[in-house]
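What follows is a set of notes on a single structure, which appears directly below.
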Number of protein chains: 2
Amino acid sequence: MSPSHIHVPADCRTVTEILSRVGDKWSVQVVVQLGGGPKRFNELRRIVGGISQRMLTLTLRGLERDGLVTRTVYPTIPPRVDYQLTGLGCSLLKTVRGLGDWAIANRDEILAARRRFDAESGDDHGAGQKQSNAA
Amino acid sequence: MSPSHIHVPADCRTVTEILSRVGDKWSVQVVVQLGGGPKRFNELRRIVGGISQRMLTLTLRGLERDGLVTRTVYPTIPPRVDYQLTGLGCSLLKTVRGLGDWAIANRDEILAARRRFDAESGDDHGAGQKQSNAA
DNA sequence: CCGTATCCGGAGGGATACTG
DNA sequence: CAGTATCCCTCCGGATACGG
């Protein structure tokens with residue numbers, strides 16, 4: 001699979017690979033919420049907030065595919081479906097919390113740097129930079 | 001700012017925020033490479049491989065804006081520009097390595113789950129699922 | 001209640017050409 | 001060498017409507 005056995009510090013390609021998995025708009029939020037125990041579809045939908053049913057379905061399917069969550073169907077009427085983190089999903093959650101801690105710890109510093117940068121950009125060197133990137 | 005003061009375990013919004021910063025296609029790769037010491041523009045371009053100069057510029061600008069890398073210009077001819085991780089960038093790199101370690105440790109398990117899922121999808125329940133999500 | 005199918009706008013990102 | 005500007009196309013993701 002690899003064209004050559006390149007071997008950078010933390011095996012860059014693998015990191016990028018998992019980041020593509022988890023770096024989308026909703027996966028992490030869903031995993032975090034599932035960290036509080038199994039949830040039903042619409043329950044999850046309400047808690048996450050702002051996600052469309054389409055995106056929730058796709059996100060859950062992706063997580064299920066990668067063995068991070070399980071999907072349990074109860075063939076009742078009305079139907080009931082539970083989603084739950086697997087062991088793999090739990091371990092991912094822990095790792096993601098590490099990133100979360102970093103984010104919380106350094107959030108202010110990042111925001112400050114951002115303001116500084118934006119201030120200089122729209123300043124005196126004539127190149128009217130318009131970066132109003134409100135994350 | 002927030003419509004309501006929701007407050008999930010690891011402050012979900014902040015995690016998502018930083019993930020939007022780092023979860024794009026190239027940021028992590030650039031940060032990892034910069035972890036090996038300061039690099040020049042085209043040097044970085046070669047090492048990363050597959051990135052366009054447009055994207056490298058945008059990625060570096062973004063990282064610079066957030067205070068993760070510094071940009072040093074030497075007004076020589078031909079011009080020379082060095083990019084280097086800041087302290088903040090280094091600490092991010094460490095955190096990302098945590099995720100990287102997880103990715104490496106669980107890569108096989110994920111790939112296995114993926115194959116299993118794909119096998120069942122194109123199989124016997126008739127609903128031709130076509131999710132070839134190749135990261 | 002739990003999805004799937006379709007439509008569609010907009011952001012992401014590659015290729016290329018030009019500048020200092 | 002180190003960028004910037006433009007074009008263009010793909011895919012993400014929201015809205016809506018329908019099926020089991």
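Quick note on labels: first sequence line is chain A, next is B, and so on, each numbered from 1. Since the model is a prediction, treat every value here as computed from it, not as a measurement.
Residues B:L60 and B:F41 are in side-chain contact: their nearest non-hydrogen atoms beyond the backbone lie under 4.5 Å apart. Inter-residue side-chain proximity for B:L58 and B:M55 is flagged as met; some heavy-atom pair is nearer than 4.5 Å.
Note that OG1 of A:T59 is 9.5 Å distant from CD of A:Q29, once rounded to the nearest 0.5 Å. The CG atom of A:L34 sits 8.0 Å away from the CG atom of A:L63 when rounded to the nearest 0.5 Å.
Closest heavy-atom contact between B:L85 and B:C90: CB-SG, 4.0 Å. Closest approach of A:S91 to B:W102, counting heavy atoms only: OG-NE1, 2.8 Å. In terms of heavy-atom proximity, B:R45 sits nearest to B:I51 at NH1-O, 3.4 Å. In plain terms, the two heavy atoms of B:A103 and A:I18 that are nearest each other are CB-CG2, 3.4 Å. The shortest non-hydrogen separation linking A:S27 to A:V22 is CB-O, 4.1 Å.
Rounded to 10 degrees, the angle separating the terminal helix axes of the helix from C:dC1-D:dG20 to C:dG20-D:dC1, each built from five base pairs, is 40°.
Straight-line distance from the OH atom of B:Y83 to the C1' atom of D:dC1: 11 Å, rounded to whole Å. The distance between atom CZ of B:R61 and atom P of D:dA5, rounded to the nearest whole Å, is 10 Å. Nucleotide D:dA2 holds its P atom 14 Å from the CD1 atom of B:I51, rounded to whole Å. Atom CG in A:L56 sits about 11 Å away from atom P in D:dG14, given to the nearest Å. The distance between atom CD of B:E64 and atom C1' of D:dG3, rounded to the nearest whole Å, is 13 Å. Protein atom CG of B:L60 is 11 Å distant from nucleotide atom P of D:dA2, rounded to whole Å.
Across residues 71-81 of chain B, B:R71, B:P78, B:P79, B:V81 each have a non-hydrogen atom less than 4.0 Å from an atom of DNA chain D (numbered order). The stretch residues 35-46 of chain B has no heavy atom under 4.0 angstrom from DNA chain C at all.
Both A:L56 and A:V73 belong to a common hydrophobic cluster when Ile, Leu, Val, Met, Phe, Trp and Tyr are linked at side-chain heavy-atom distances under 4.5 angstrom.
Ionic pairing of B:R80 and B:D82 is present here: one or more N-O contacts between side-chain nitrogen and carboxylate oxygen are shorter than 4.0 angstrom.
A:R107 pairs by the side-chain hydrogen bond (donor to acceptor under 3.5 Å, both in side chains) definition with B:E17, not counting sequence neighbours. Remark: B:E43 pairs with B:K39, B:R40, B:R46, B:I47 by the side chain to side chain contact (heavy atoms under 4.5 Å, CB included) rule, at least two apart or across chains.
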Would you tabulate the nitrogen or oxygen pairs shorter than 3.5 Å linking the protein to nucleotides 8-13 of chain C?
| unit_1 | atom_1 | unit_2 | atom_2 | d |
| --- | --- | --- | --- | --- |
| C:dG13 | OP1 | B:K25 | N | 3.4 |
| C:dG13 | N7 | B:R54 | NH2 | 3.0 |

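Residue order along DNA chain C, read from the 5' end via each residue's closest nucleotide, puts A:T57 first among B:Q53 and A:T57.
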